[in-house]
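Quick note: residue numbers are just sequence positions, from 1. Start at 1 and go down the list; that is how both ligands and their atoms are numbered. Heavy-atom basis, side chains included; hydrogens, waters and symmetry copies ignored.
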Amino acid sequence: MDKTHDPRATSWIEVDPSSDFPIQNLPFGVFSPEGEAPRVGVAIGEFVLDLSAVAQRFDIGAPAEVFASRSLNRFVSLGRETWREVRLRVFDLLHVDNGSLREDADLRSRSLFERTRVRMQVPFEIGDYVDFYSSEQHATNVGSMFRPDNPLMPNWKHLPVGYNGRASSVIVSGTPVRRPLGQTKPADAESPLFGPTKALDFELEVGFFTGKENPLGEIVPTSQAREFIFGLVLVNDWSARDVQRWEYQPLGPFLAKSFATTVSPWVVTLDALEPFFVEGPVQDPPVLPYLRYEGKWALDLHLEVWLKSTAMSKHQRICKTNFRQMYWNMAQQLAHQASNGTNIQVGDLYASGTVSGDTPDSYGSMLELAWRGERPLKLDETGEERSFLQDGDSVLMRGWCEGEGYRVGFGECEGTVLPPLDSSSSD
Ligand code: CA
């Protein structure tokens, strides 16, 4: 722990106690002021601090040019010591006792932007995207729908199951998602059909970005995970369940997942999350030696999903859960990924898999919340029902760690469903 974790620390920028972005957080993102090029910034309250501007005037631990960039890759590739140094120096510049930036009206006006007036970007150039499946409750729920007698596969408690997703269709919060077309085979149909998915779903997940390379052929022990993991974002792994059911055997998810994955724009650093790591669940049977780990790797991170139809005036909360109950943790996921000598790159995204708790209102997907359509969700404001997402629905995810009088939050991860392209010519 260091001074940035002091619950009493405050900034000369006024920050509401309910804000996701107090001085204890300082998440990194890439933003574009209107009509200007993207650059790296830090969120503080309702503002973004432009690091490419302040680094021209102050030594903030890294040169200005690494922040005048459309991604975090250059900055983050400088290594963990630099991440920490920059965060500490930005903390100092924003601290209530520090006048150097506060009293420089010219620089202040050039470096502070209202968050509502900038456009956020996908924070990294993502080389590879991997999605795990690490919630025991989610795996059990989904498994029990298809294999009532044997919901968890025999490998599940021995390795963090995952698959390679599509990095190039990772999009930033606020980007609409078009209902995908795909091949499905209804149970009563003799042959498959092609058309818009009828079972569009979200998956509430948390992802981490790696900030260090590992050459091909070398491993990453769990003890080195903190050197590799830069920070975390919220992830919505949009899924077309009917497409998935028909296509997934024997090689796993493909077009049912690859049409879009939404991430929240602010990367919350492992350093900011340090006070909120807790003991993880007991893993029984014991894991193989390369998956053993020391220290606390479960994260006490509150998560929510909110839904709004076009007829509603505001979002309704449909899921409330916590990330701390995940069976497999980030250190194990990374060690497993690299255990065969796969290279790790700066800007890889590793998502957790759907986060589901043990009560029906804590499930992280529509598939589970409405239990395959058997218990449709009721939308209170309009009386509408949902088993899967309809066109125009907005899915909003939030996440935060609760400190004493402050929260380290993730901001929003939102996407609205657009109607499908006309598929009539393909029917
Ligand atoms: Ca997933």
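- Using bins of under 30°, 30° to 60° and over 60° for the plane-to-plane angle, the ring pair Phe28/Phe75 lands in the tilted bin.
- Note that Arg226 lies in the cation-pi zone of Phe277, set by a 6.0 Å cut-off to the ring centre and a 45° limit from the axis.
- For the atom pair OG (Ser352) and CG (Asp237), the distance works out to 9.5 Å, reported to the nearest 0.5 Å.
- Looking at Asp237 and the Ca ion (ligand 1) together, the shortest N, O or S contact belongs to OD2.
- The name of the N, O or S atom in Asp131 nearest to the Ca ion (ligand 1) is OD2.
- Seen from the ring of Phe230, Arg80 does not count as a face-on cation partner, given the 6.0 Å and 45° thresholds.
- Vertex the Ca ion (ligand 1); arms to Glu203 atom OE1 and Glu205 atom OE2; angle 90° (nearest 10°).
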